[in-house]
Each structure stands twice: as C-alpha cells, then as structure tokens.
Amino acid sequence: MQILQERFAMAIGRAFPEVDPAERDPLITGSKMAKLADFQSNGAMALGKKLGKNPREVAAAIVKHVDVADIAEPLTEQSIAGPGFINIKLRSDALAMLVTRMDGATLGVPVPEVKETAVVDLCGVNLAKQMHIGHLRAVIIGDAIARLFERLGHNAVRQNHVGDWGLPIAMVTAKLKQLSDAKKIDMATLSLDSMEKLYKLSQLECAAEERGLAMARKYRMGPKVIAELEAQVEGAKEAMAHAKQTLVKLQAHEPAVFAIWQRISDITMKACLDTCAALHSNVKAEHSAGESSYALELGPVVEELTKRGIAEESAGALIVRVEGLEEPCIIRKSDGGYLYATTDVAAIRRRVQKLDGTRVIYCVDIRQSLHFKQVFGAAHRAGYDINLATKKPARLEHAGFGMVLGDDGRPFKTRSGENVKLMDVINEAIRRAAAVVNERSAELPEAQRARVAEAVGVAALKYADLSNDRVKDYVFSFDRMLAFEGNTGPYLLYALVRTRSIQRKATAERAIQPGTWTNAPIAIGEPAEKTLALTLLRYPGVLASAAEALEPHRICNYIYDLAGTFSSFFDQCPVLKAPDDATMLSRLRLCALTERVLADGLTTLGLPTLERM
RNA sequence: GCCCCCGUAGCUCAGUUGGAUAGAGCAACGGAUUUCUAAUCCGUCGGUCGGAGGUUCGAAUCCUCCCGGGGGCGCCA
C-alpha cells in the first residue's frame with residue numbers, strides 16, 4: 001500500500017506537474033469491492049475538483065502515467081469506475097513478495113521516524129478502597145495503549161496516579177489511628193475490605209447534615225429530632241476538625257500518623273497490584289506516582305503561576321482562565337487549600353519536563369473531560385507542556401472511556417447496589433471459562449485445563465472491554481464475552497491455537513522439521529489465500545492508526561477479521577493434505593505468519609495467549 | 001440555563017477520518033464433518049444509519065435546527 005501510494009503520487013506529479021507535491025495524495029485504500037479490485041485510488045476526484053477538471057479525465061491521466069507493471073495487473077480505461085475510482089489488482093507474485101517481505105522480525109512495522117515518549121496515566125486507584133469495575137477500563141485500556149507505543153518502537157511510561165492524599169484520606173487515617181490507638185483494630189492484620197468499610201464510615205461521620213437540621217428547624221419538627229440532628233452536626237464538625245488536624249500532621253510526615261497512612265497505602269497497593277497481575281496488565285509498584293508525590297510541588301507551582309500573572313484571584317480563590325472555556329481551572333481554594341486540578345497541573349509539568357513526554361495520555365473516565373480541558377489549558381498557558389528536548393508542546397490527550405453498564409442499561413452494580421469488586425469479576429470470568437473448558441477439553445490434564453481456563457477467562461473479559469469503541473458505554477455480559485463464538489476473546493485464542501496446532505502436526509505426523517517452512521517460497525493461488533495475504537498486510541497500518549487515535553478497538557477489529565480470514569483459509573485450503581509439497585510449505589508459512597500476527601496483536605492488547613485449548 | 005458525548009438490523013456492536021450496493025456476531029432458518037482442534041466454515045432472513053434541512057460529483061461520517069438517552073458545569077476527588 002505504501003508502494004502504491006508512492007507510485008501513484010509520482011504519476012500525479014508527472015501528469016499534473018502544476019500540483020503541489022503535498023497535494024498529490026492518491027488516497028489509496030483497500031478496495032470496497034473485493035470482486036473488482038484489491039486496492040483503489042480515490043485521489044482523482046479530489047484532484048479534479050482542485051484543478052477544475054473532469055475527475056474521470058484526471059483518473060485517465062493518472063492511469064496513463066502510473067508505473068505499477070511490476071506489482072499490479074495492467075491499468076486500463078476499464079480500471080476507472082464510477083466518478084473516478086481507480087481499481088488496482090495486485091499480481092499474485094507481487095502479493096507473495098509483499099507477504100514474504102512482511103514475514104520478518106517486525107512484521108512490517110517500521111522503525112518510527114520520530115521516537116515518541118508516551119506517558120500513560122492508568123489505573124488510578126484510591127487508598128483504602130477496593131478496585132471495582134470502574135477501574136477495569138482504566139487499567140486495561142491504559143495498559144493496551146502503553147503496550148501499543150512500546151510495540152511501535154516508542155517509549156511508554158506508565159503512571160498510576162494513586163489517590164493517596166487530601167482530606168478524604170486524612171479522614172480515614174484519623175479514623176484508623178483512633179481505632180488502632182484504642183486497640184479496637186489491628187493495623188497489622190486489617191483487611192482491605194474492613195478498611196473500606198471504615199473509609200465509608202469516616203466519610204459519613206464527617207458529613208454534617210446541616211441542610212437536614214435547617215429543614216427540621218424550619219418545619220418545627222419537634223425538639224427530639226432537632227436535638228438529634230444538632231448532635232449529628234456537632235459530631236461531624238468535630239470529626240472534620242480532627243481530620244483536618246490529621247491532614248496537617250500527615251503533610252508534616254509526623255511519624256505516628258504517617259505510619260498509619262503508610263500501612264493503608266501498603267494494604268491498598270498490594271491488592272491493586274495483585275489485581276492488575278491477575279488481569280495480565282503491566283502495572284507495577286514502580287509505576288505508582290501518587291498525589292502525595294506532588295505535595296511539595298503544589299505550593300511552588302501556584303506561587304510561580306501567580307508571579308507570572310497566569311493565575312488570578314476570583315472570589316477568594318486562585319484560578320487560571322482557559323481560552324474557549326467558560327469555567328476556569330481553580331488551583332487554590334479560598335481557604336488556601338489545593339485541589340486535584342493543582343496536582344494535575346503539576347503532574348503535567350513532571351510528565352513532560354522530567355519524564356520527557358511528547359504525548360501525555362490520560363486513561364480516565366470520560367466524565368472528567370471538562371476537568372482535563374481545564375488542566376490542559378492551564379498547563380499550556382504555563383508552558384508546562386513544552387518538552388525540553390523538542391522545545392515543542394507535548395500532545396496532552398484525554399483517552400476517556402465510557403461506563404460499564406449492567407443488563408438494565410444502568411451502571412453495573414451488584415444486586416444490593418454496591419460496586420462490583422474487580423477481583424470478583426475476574427474470578428467469575430475464570431470460573432465460567434473453567435466450566436466450558438472442562439466440558440470441551442476434557443482430554444487435557446487438569447492442571448493444563450486450569451491454565452487454559454485462566455487465560456480464556458481473562459482474555460474474554462479484557463477483549464469484551466477493549467473491542468468496544470472507547471468513548472462509548474457498553475453493556476457488560478459474562479454470557480456474551482464467554483460465548484466462544486463471534487467477536488470474542490475465546491474465538492481469537494482458538495484461531496491462534498489452530499495456527500499452532502497445524503504446525504505441531506506438520507512436525508509430528510509429517511516429520512517436517514520446524515523451520516523448514518520459515519523461508520519457504522510463498523505462492524498465492526486460492527481466493528482464501530489471497531484474502532488472508534491482503535488481510536495480513538494491513539497489520540502495520542492498523543497499529544499506526546490505533547496509536548494515532550488511541551483506540552485499541554481498531555486492533556481488536558483487525559485481529560477478529562484476521563482470525564475469520566484464517567478460519568476460512570483453514571477450511572478451504574488443506575495444508576498438510578495440500579496437492580504438493582511446495583504448496584504445503586507455502587501454506588505452513590502462511591499459518592506461521594498468521595500465528596505471529598495474531599499473537600503479536602493479542603500481546604499488544606495485553607491478552608494472554610495459548611498453545612492448546 | 002449553558003457545554004460535552006451518544007443515537008446504525010429484534011439484541012450486542014463495527015464502519016479505515018467524505019467514497020461505489022452500510023458490515024460482523026447473537027437470535028431464527030438451511031447446508032458442510034468417518035476434522036489439519038466443529039470453540040469452525042458456507043448460505044438465507046433482517047436497515048428510510050433518530051428526524052428535517054444544508055454543503056458537493058458523492059454524507060452513517062462535515063454544518064444548522066429539532067427529538068430521544070447519558071454526562072458535566074468555581075473552591076469534592
């Protein structure tokens with residue numbers, strides 16, 4: 001396709017020298033009409049408009065000047081269709097040559113002209129809380145995007161922006177310290193579950209029902225009710241004051257308080273990293289960069305922005321106005337406290353200027369889009385987005401994602417309305433996968449069945465999420481993701497297993513040594529071979545467009561397409577029973593290449609793969 | 001009230017950045033197998049792309065206005 005692009009651009013240059021080289025795009029795409037062509041050029045229409053000429057005549061001129069005899073069937077008047085499409089059919093030897101060329105170490109993925117550093121914000125857990133279904137997307141989409149950049153030869157820096165600072169954390173710290181001091185809990189053995197309950201309790205205790213009290217007074221609800229509410233408000237004020245004191249002590253790293261906080265952090269992060277590992281997602285301790293790690297940078301940032309006149313006072317608070325936005329970015333409250341926007345502005349500075357980011361990508365709920373517009377705008381005004389090496393602004397991007405919904409179309413919750421714990425979801429997917437594996441693959445040893453079930457369950461769960469357009473909500477369904485048919489993780493694993501099985505069999509039953517077909521000449525004859533070859537060739541372009549748009553589902557669509565194309569090939573083109581040895585070896589090589597592309601795609605998405613199932 | 005996102009087959013979703021006759025899977029129906037792993041393949045059925053205008057050779061895609069659903073809107077994170 002790259003070649004066609006170049007050849008046609010040259011032809012346009014020869015036919016219309018007056019056209020600026022930058023505007024000689026022949027718009028080569030895969031053909032919509034598989035019967036008519038393999039590729040098509042749509043450039044003649046655009047060019048015709050620009051030159052004020054009949055697009056069909058433009059197409060005719062391009063056809064006359066283009067030189068593709070070595071790779072495509074001859075272009076004629078008949079190649080021009082409709083308003084000026086140029087249909088291109090590749091010669092089968094050229095197709096074989098292109099596939100052969102792709103069958104190298106990189107699978108046709110070029111070394112990037114400019115090496116980017118993508119800083120990827122992912123996971124985003126909060127201390128003292130379990131990971132729930134809402135974190136699923138932040139982990140796996142973020143990990144997939146990071147893997148994609150690594151796969152394309154760029155740098156990826158993962159950042160787990162842990163919510164480990166601020167008043168809510170101080171509230172639970174205060175609560176736990178108080179209980180621990182009273183010997184009512186043991187911090188050494190406290191579970192995350194009980195910690196989360198105490199977290200919620202601490203929030204409640206600090207929330208003053210002032211509105212309720214006002215209502216009660218207004219409607220003269222009786223002294224007993226009012227007295228109770230007054231006591232509640234009084235208690236809440238006390239708890240809040242205590243939490244604020246704790247926050248100050250925490251910020252000063254006062255040992256007794258800090259030790260409690262550290263313990264909360266350890267317990268939460270252990271569970272978080274275990275969950276990420278269960279998901280086969282690359283989120284490790286070294287990726288943690290919690291809000292607390294920015295604590296000392298906030299004051300200086302605010303001071304600098306004030307001094308430079310970027311921040312201004314408004315109703316007692318300090319704000320940064322952002323072009324095109326009604327709502328400014330608030331970086332300091334009127335009581336002098338900082339906000340999460342302040343932390344995020346500081347984070348951009350670190351991510352671009354310390355971590356050398358050229359793209360800073362946030363895998364965070366789409367509902368935060370306004371927040372990120374504000375923060376990006378503020379950071380841009382401050383120049384914190386200027387990469388020190390390139391002297392150019394980094395791309396600040398919010399790869400926002402939609403919600404996970406239940407069958408009822410409402411946010412996915414348990415029957416009692418609680419958040420669904422992520423670890424429970426993972427285990428349930430594996431449990432359901434195991435039931436199927438035990439039935440369908442009863443011949444495998446038990447230990448292997450367990451491994452297969454684990455991979456199938458995790459692949460199903462992740463694929464069901466990644467295969468949807470990121471920005472949209474999607475309906476969560478164990479039944480559908482594990483249906484073992486259609487656009488699912490299991491279907492892809494199955495296709496991969498078949499590419500491997502056939503190669504194993506070649507060695508075992510036909511005594512062909514592995515590697516014999518690695519360099520075998522490829523011949524493309526049958527339609528199914530041709531479709532497979534054309535599909536394989538699309539891989540590098542798919543990865544590039546997925547990275548540009550930050551849309552992993554493009555890779556999903558592609559490997560699903562490839563798996564389907566391979567299944568048809570598998571059905572229609574006998575490999576081990578091919579008519580002759582040359583065909584057999586050629587087809588074995590196609591199987592091997594398909595295997596590598598499928599495995600590469602799955603790995604880039606962060607899905608586990610299998611040898612057998 | 002203002003802003004953002006979404007609306008495609010009965011259901012769940014794609015649609016290569018404006019290209020030809022809008023595609024998959026599920027569901028329904030029919031066919032293929034003494035298998036190269038049938039967890040598969042092939043076929044049939046199913047659409048005024050929410051609606052109405054506009055832009056142009058050409059619109060699911062871009063613009064405007066409506067309808068419907070969701071979300072967000074200065075000192076929570």
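Every chain is numbered from 1 and lettered A, B, ... according to where its sequence line falls, protein lines coming before strand lines. What's counted below: heavy atoms across the whole structure, side chains too, no hydrogens, waters or symmetry copies.
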Heavy atoms only, 4.0 Å cut-off, all strands: where does [X] land among base, sugar-phosphate and nothing?
X: Ala341(A); answer: nothing
X: Pro55(A); answer: nothing
X: Glu326(A); answer: nothing
X: Arg538(A); answer: nothing
X: Ser501(A); answer: base
X: Ser568(A); answer: sugar-phosphate
X: Ser441(A); answer: base
X: Cys206(A); answer: nothing
X: Pro328(A); answer: base

Minimum-distance nucleotide (side-chain atoms of [X] versus [options]):
X: Ala549(A); options: C41(B), A77(B), U17(B); result: U17(B)
X: Arg504(A); options: C4(B), U37(B), A20(B); result: U37(B)
X: Glu485(A); options: U21(B), G74(B), A27(B); result: A27(B)
X: Gln572(A); options: A20(B), G74(B), C42(B); result: C42(B)
X: Lys49(A); options: U37(B), C41(B), G58(B); result: G58(B)
X: Asn42(A); options: A24(B), G19(B), U21(B); result: G19(B)
X: Leu339(A); options: U40(B), G19(B), A77(B); result: A77(B)
X: Ser314(A); options: G74(B), G19(B), C41(B); result: G74(B)
X: Glu291(A); options: C41(B), A77(B), C4(B); result: A77(B)

Worksheet item: Would a distance-only check, ignoring hydrogens and angles, find a side-chain to backbone donor-acceptor pair under 3.5 Å from Asp571(A) to Ser567(A)?
Response: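 Checking the backbone N and O of Ser567(A) against the side chain of Asp571(A), no donor-acceptor pair under 3.5 Å is found.
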Worksheet item: Is the backbone of Lys472(A) close enough, under 3.5 Å, to the side chain of Asp469(A) for a donor and an acceptor to pair up by distance?
Response: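 Looks like no, no N/O pair under 3.5 Å.
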Worksheet item: Which one of Met240(A), Lys200(A), Lys175(A) satisfies the side chain to side chain contact (heavy atoms under 4.5 Å, CB included) criterion with Glu205(A)?
Response: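 Among Met240(A), Lys200(A), Lys175(A), the one that satisfies the side chain to side chain contact (heavy atoms under 4.5 Å, CB included) with Glu205(A) is Lys175(A).
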Between [N] and [M], how far is it from one [atom1] atom to the other, in whole Å?
N: G15(B); M: G7(B); atom1: P; result: 10 Å
N: U56(B); M: G18(B); atom1: C1'; result: 10 Å
N: U16(B); M: A24(B); atom1: P; result: 16 Å
N: C3(B); M: C41(B); atom1: P; result: 48 Å
N: C63(B); M: C26(B); atom1: C1'; result: 37 Å
N: G72(B); M: U55(B); atom1: C1'; result: 32 Å
N: A60(B); M: A52(B); atom1: P; result: 13 Å
N: C57(B); M: G47(B); atom1: P; result: 32 Å

Practice prompt. Record whether the side chain of Thr488(A) comes under 3.5 Å of the base of A39(B) through a donor-acceptor pair of N or O atoms.
Written response: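 No, no donor-acceptor pair under 3.5 Å.
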Discussion item. Quick check: any donor-acceptor pair below 3.5 Å linking the side-chain of Asp344(A) to the base of A77(B)?
Written reply: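 Check fails, no donor-acceptor contact within cut-off.
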Fill in: Ser369(A) side chain near G71(B) phosphate (N/O to OP1/OP2, under 4.0 Å)
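It does not, given that no N or O in the side chain of Ser369(A) lies less than 4.0 Å from OP1 or OP2 of G71(B).
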Practice prompt. Give a yes/no answer on whether the side chain of Arg440(A) brings an N or O atom under 4.0 Å of OP1 or OP2 in A39(B).
Written response: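 It does, given that an N or O in the side chain of Arg440(A) lies less than 4.0 Å from OP1 or OP2 of A39(B).
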Centroid-centroid distance, [X] to [Y], less than 6.0 Å:
X: Tyr560(A); Y: Tyr463(A); answer: no
X: Phe376(A); Y: His398(A); answer: no
X: Tyr294(A); Y: His161(A); answer: yes

Discussion item. So if I define the base as every atom that isn't primed, P, OP1 or OP2, how would nucleotides 9-15 of chain B read as a B/S/- string at a heavy-atom cutoff under 4.0 Å?
Written reply: ---SSSS
Rounded to the nearest Å, what distance is computed from the [atom1] atom of residue [X] to the [atom2] atom of nucleotide [N]?
X: Leu167(A); N: A77(B); atom1: CG; atom2: P; value: 8 Å
X: Phe566(A); N: C42(B); atom1: CZ; atom2: P; value: 13 Å
X: Leu27(A); N: U17(B); atom1: CG; atom2: P; value: 8 Å
X: Asp571(A); N: U37(B); atom1: CG; atom2: P; value: 13 Å
X: Arg449(A); N: A39(B); atom1: CZ; atom2: C1'; value: 16 Å
X: Phe372(A); N: G72(B); atom1: CZ; atom2: C1'; value: 14 Å
X: Tyr491(A); N: C26(B); atom1: OH; atom2: P; value: 10 Å
X: Asp479(A); N: C26(B); atom1: CG; atom2: P; value: 14 Å

Worksheet entry | Assigned glycosidic conformation for U17(B) [threshold 90° from 0] |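 What U17(B) shows is a syn base, its glycosidic angle lying within 90° of 0.
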Between [Y] and [X], is there a salt bridge with N-O shorter than 4.0 Å?
X: Arg500(A); Y: Glu611(A); result: yes
X: Arg321(A); Y: Glu326(A); result: no
X: Glu454(A); Y: Arg451(A); result: no
X: Glu529(A); Y: Arg587(A); result: yes

Worksheet, complete the sentence: Output field dot_bracket for RNA chain B (Watson-Crick or G-U, both distances under 3.5 Å, | for other-strand pairs) contains (((((((..((((.....[...)))).(((((.......))))).....(((((..]....))))))))))))....
Worksheet item: With stacking defined as ring centroids separated by under 5.5 Å and planes differing by under 30°, is Phe85(A) stacked against A20(B)?
Response: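 Phe85(A) ring centre within cut-off of A20(B) base, planes near parallel; stacks.
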Discussion item. Within the supplied structure, the quantity of interest is the number of heavy atoms (other residues, nucleotides, ligands) at a distance under 6.0 Å from Lys244(A) NZ; does it exceed 12?
Written reply: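 Open.
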Item to complete: Determine whether more than 12 heavy atoms belonging to other residues, nucleotides or ligands lie under 6.0 Å from atom CD of Glu443(A).
Response: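 Yes, because the 6.0 Å sphere around CD of Glu443(A) holds more than 12 heavy atoms from other groups.
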Worksheet item: Ala81(A) or Thr29(A): which one's nearest nucleotide on RNA chain B is closer to the 5' end?
Response: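 Closer to the 5' end of RNA chain B: Thr29(A).
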Fill in: Met403(A) or Leu36(A), whichever maps to the more 5' nucleotide of RNA chain B
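That would be Leu36(A).
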Item to complete: Decide ring-ring contact (aromatic ring centres under 6.0 Å, His included) for Phe478(A) and Phe476(A); before the verdict, give the C-alpha distance in whole Å, the side-chain angles of both, and the deciding distance to 0.1 Å.
Response: CA-CA 7 Å; Phe478(A) 280 119; Phe476(A) 186 92; 5.0 Å; yes
Worksheet item: Is the NZ or CZ atom of Arg498(A) positioned over Phe570(A)'s six-membered ring, under 6.0 angstrom from the centre and within 45° of the axis?
Response: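 Yes, Arg498(A) sits over the ring of Phe570(A).
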